[in-house]
2 protein chains.
Amino acid sequence: MATPKPKPKAPRRRLSADERERLIARGAVAYFCEVGFGGQTRELARRLGITQPLLYRYFPNKEALIDRVYQEVYLNRWDPRWEELLDDHARPARERIIAFYRDYAKAVLSYEWIRIFMFSGLRGMNLNNRYLTLVRDRIYTRVIRELRLEHGLPTPAQLPISEMEFELVWGLHASIFYLGIRKWIYGLEIPENVEALIEGLTTAFLDGVPAVMTRMAKKPRRRS
Amino acid sequence: MATPKPKPKAPRRRLSADERERLIARGAVAYFCEVGFGGQTRELARRLGITQPLLYRYFPNKEALIDRVYQEVYLNRWDPRWEELLDDHARPARERIIAFYRDYAKAVLSYEWIRIFMFSGLRGMNLNNRYLTLVRDRIYTRVIRELRLEHGLPTPAQLPISEMEFELVWGLHASIFYLGIRKWIYGLEIPENVEALIEGLTTAFLDGVPAVMTRMAKKPRRRS
DNA sequence: GGCGCTAACTATCAAGCGATAAGCAAGACT
DNA sequence: AGTCTTGCTTATCGCTTGATAGTTAGCGCC
């Protein structure tokens with residue numbers, strides 16, 4: 001090439017502080033999701049089309065930026081209607097549970113959510129645990145309660161939920177979450193029709209788990 | 001403290017090249033499993049009780065060290081007897097599948113395996129995919145074959161294994177693998193008696209999945 | 001259309017980190 | 001005991017990277 005082209009150099013654009021901060025936060029989510037929290041501030045700035053020191057005008061340091069990423073991803077991902085949905089006794093339990101997982105999957109099986117969740121887990125954050133406790137207390141308990149009700153087993157008030165029952169529900173949860181891992185962490189293809197898939201997994205769960213639950217409710221727990 | 005203590009400085013120990021290399025490799029596995037591949041060579045050396053440049057006498061660069069970590073963790077983790085176990089028609093299919101997953105879990109639910117698997121996935125390595133293809137071809141196909149046989153469904157030769165069948169088995173796999181994620185990535189407690197847990201999960205699977213499989217074999221596949 | 005506020009940039013520091021070069025010393029062999 | 005091999009260390013380079021200081025210029029306002 002004859003033209004050395006000194007620099008493309010986009011014209012300096014001046015945004016309001018709020019707007020720029022949001023832009024940086026969004027960009028940080030996208031960037032750190034992709035490369036992990038070891039990603040460099042210079043590369044993040046480059047992707048945002050700004051200079052690296054500008055980041056430090058909006059965030060005191062890199063850690064603050066990462067905290068913001070957590071906030072962006074973790075907050076506002078919980079839909080309170082999930083609990084209502086699971087409580088709605090007008091519909092059959094089976095239908096409710098399938099509907100819930102269909103909806104839950106839509107919220108959670110995203111690139112950002114799955115990867116941030118993994119990265120923060122590997123980093124030793126306890127945000128994961130806080131979230132998973134929420135899932136356990138708000139969702140698993142409801143699923144188990146409804147299953148017990150449907151199969152004429154004692155209510156959780158009468159007989160506390162056993163470890164095994166929690167584990168079985170966690171197994172369903174895992175099989176759905178793992179779809180996200182396969183897609184967004186391993187980079188594998190998963191079936192196009194995720195809804196049908198979740199319906200199949202949940203159906204298999206609903207067909208298989210009550211038998212185990214019933215068996216465990218009758219037999220005393222065997223110690224290893 | 002009155003004693004400034006200039007340096008503990010362990011006496012220089014001279015090992016054979018082979019021995020030292022193995023030591024470094026082992027240490028690298030432990031270190032990179034813990035902190036990820038962004039870990040620093042200096043810190044690794046410190047943990048090994050050697051100086052950092054010594055690493056470069058045994059490995060040309062950090063990447064080679066990481067490759068070695070992959071080798072150490074991925075290789076020799078596959079037990080060919082798993083396939084034999086699943087093929088052993090002297091035992092009931094249910095018993096074989098439970099026995100397999102009990103054994104498989106023992107091999108795979110380790111700190112090193114789980115974390116390296118995640119780190120390499122997040123890094124975009126395709127080693128995961130190679131491994132998972134192996135699992136699919138050697139294990140899932142066998143599980144499905146045996147389940148079909150037990151429930152009077154066509155053999156895979158007569159009717160190819162459907163996507164949904166693979167997905168259901170992948171669901172079982174996920175629910176077991178997720179135990180490792182919970183323990184070694186999220187840092188959560190999991191039940192002590194993992195064997196009983198796996199038995200419960202597999203039983204629920206075996207009770208629930210055939211119904212779905214039978215249904216799908218009879219009904220034509222519904223498109224979304 | 002000039003002026004001021006401040007968003008954004010240029011330049012740079014200091015610590016961190018992968019990697020290399022040259023010298024030292026532990027153990028083996030005679 | 002002397003010496004030779006080579007495992008291991010000290011010293012250091014050069015680039016990277018988070019963070020700071022000082023300068024420039026876009027936009028609103030009168």
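All chains are named by letter (A, B, ...) in the order of the sequence lines, taking the proteins before the strands, and each is independently numbered beginning at 1.
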| Atom-pair distance (CZ on B:Arg57; C1' on C:dA22), nearest Å | 11 Å
| message | Is B:Arg20 close enough to D:dC8 that one of its side-chain N or O atoms is under 4.0 Å from OP1 or OP2 there? | response | yes
| At how many degrees, to 10°, do the end axes of the helix from C:dG1-D:dC30 to C:dT30-D:dA1 meet when each uses five pairs? | 0°
| message | From the set D:dA21, D:dT5, C:dA7, return the single nucleotide nearest to any side-chain atom of A:Pro53. | response | D:dA21
Can you check nucleotides 14-17 of chain D for protein contacts, nitrogen or oxygen pairs under 3.5 Å, and list what you find?
from   : atom 1 : to      : atom 2 : distance (Å)
D:dT17 : OP1    : A:Gln40 : NE2    : 2.4
D:dT17 : OP2    : A:Gln40 : OE1    : 2.9
D:dT17 : OP2    : A:Gln40 : NE2    : 3.3

| query | Around B:Arg91, counting heavy atoms of other residues, nucleotides and ligands shown, do more than 12 lie under 6.0 Å from its CZ? | reply | yes
| message | Just the rounded figure in Å: distance from P of D:dG18 to CZ of A:Arg46. | response | 14 Å
| Close aromatic pair by centroid cut-off 6.0 Å: A:Phe37 and A:Tyr31 | no
| note | A:Phe59 atom CZ is separated from C:dA7 atom C1', nearest whole Å, by 15 Å
| said: For the backbone of A:Leu134 and the side chain of A:Arg138, can you confirm whether one donor and one acceptor N or O come within less than 3.5 Å of each other? | reply: no
| Rounded to whole angstrom units, what separation is found between the CG atom of A:Leu65 and the P atom of D:dA19? | 10 Å
| Atom CZ of A:Arg13 to atom P of D:dC27: distance rounded to whole Å? | 9 Å
| request: Consider only side-chain N and O atoms of A:Glu165 and A:Trp170, and report whether a donor and an acceptor are under 3.5 Å apart. | output: no
| said: Taking the six-membered ring of B:Phe166 as reference, does the cationic atom of B:Arg136 (NZ for Lys, CZ for Arg) lie under 6.0 Å from its centre and within 45° of its axis? | reply: yes
| message | Between B:Thr51 and B:Arg14, which residue's closest nucleotide on DNA chain D lies nearer the 5′ terminus? | response | B:Arg14
| Partner of B:Trp113 under ring pair (Phe, Tyr, Trp, His ring centres under 6.0 Å), chosen from B:Tyr131, B:Trp78, B:Phe177 | B:Tyr131
| Whole-Å gap separating P (D:dA11) and CG (B:Leu54) | 17 Å
| request: Scan A:Tyr58 against the nucleic acid and name what it touches under 4.0 Å (heavy atoms): base, sugar-phosphate only, or nothing. | output: sugar-phosphate
| field | Neighbour count above 12 (heavy atom, 6.0 Å) for B:Glu95 CD | value | yes
| Where the side chain of A:Tyr56 is defined as all heavy atoms beyond and including C-beta, which of C:dT6, C:dA8, D:dT20 is the nearest nucleotide? | D:dT20
| task | Check each of A:Arg20, A:Glu21, A:Arg26 against A:Ile24 using the side-chain contact (heavy atoms from CB on, under 4.5 Å) test, and report the only one that passes. | result | A:Arg20
| Protein-nucleotide distance (B:Glu19, atom CD; C:dG27, atom P), rounded to Å | 12 Å
| field | Heavy atoms from other residues, nucleotides or ligands near CZ of B:Arg47 exceed 12 (cutoff 6.0 Å) | value | yes
| Which comes earlier along DNA chain D counting from the 5' end, the contact point of A:Gly38 or that of B:Ile50, where each point is its nearest nucleotide? | B:Ile50
| Tell me: CG of A:Leu44 to P of D:dG18, nearest whole Å? | 10 Å
